[in-house]
Amino acid sequence: FELPGASPAVISIFGPDGRNSFTLEEAYNAGERIVRVPLSVLKTKGKHVAFVNSFFGVVKVEFVVE
């Protein structure tokens with residue numbers, strides 16, 4: 001994800017069952033960021049949803065694990 005300015009952000013990933021399987025809360029500087037997620041978070045096949053919530057708004061990403 002990319003932030004236009006410094007901001008705390010909360011990254012949340014929800015599994016196919018709708019339960020929160022991963023949350024990371026950190027402060028980030030402006031710019032492009034890469035977040036590494038443990039493989040165990042994505043062990044369940046199906047559609048997952050990730051959210052990045054910062055001072056600049058919320059971004060939703062859907063992805064499928066096969």
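Values in this document were obtained by computation on a predicted structure and should not be read as measured data.
In this structure, the side chain to side chain contact (heavy atoms under 4.5 Å, CB included) partners of F56, at least two apart in sequence or on a different chain, are L3, P4, S7, S54. Every residue meeting the side-chain hydrogen bond (donor to acceptor under 3.5 Å, both in side chains) condition with K60, not counting sequence neighbours, appears here in chain and number order: E62. Taking V58 as the reference, F51, N53 meet the side chain to side chain contact (heavy atoms under 4.5 Å, CB included) condition, with sequence neighbours excluded.
Distance NE2/H48 to CG/D17: 9.0 Å, rounded to 0.5 Å. Taking OG of S21 as the reference point, atom CG of L42 lies at 7.0 Å (rounded to 0.5 Å). Considering NZ of K47 and CD of E66, their distance stands at 14.0 Å, rounded to 0.5 Å. Taking OG1 of T23 as the reference point, atom CD1 of I13 lies at 8.5 Å (rounded to 0.5 Å).
No close placement of the F14 and F22 rings is indicated, their centers lying 6.0 Å or farther apart.
The same ILVMFWY cluster, assembled from side-chain heavy atoms under 4.5 Å apart, contains both F63 and F1. Under the 4.5 Å side-chain contact rule for hydrophobic residues, V52 and Y28 share a cluster.
The backbone N or O of P16 lies less than 3.5 Å from no partner atom in the side chain of R19, so there is not a single donor-acceptor pair.
Applying the side-chain contact (heavy atoms from CB on, under 4.5 Å) test between I11 and each of V35, V59, V37 identifies V35 as the sole match.
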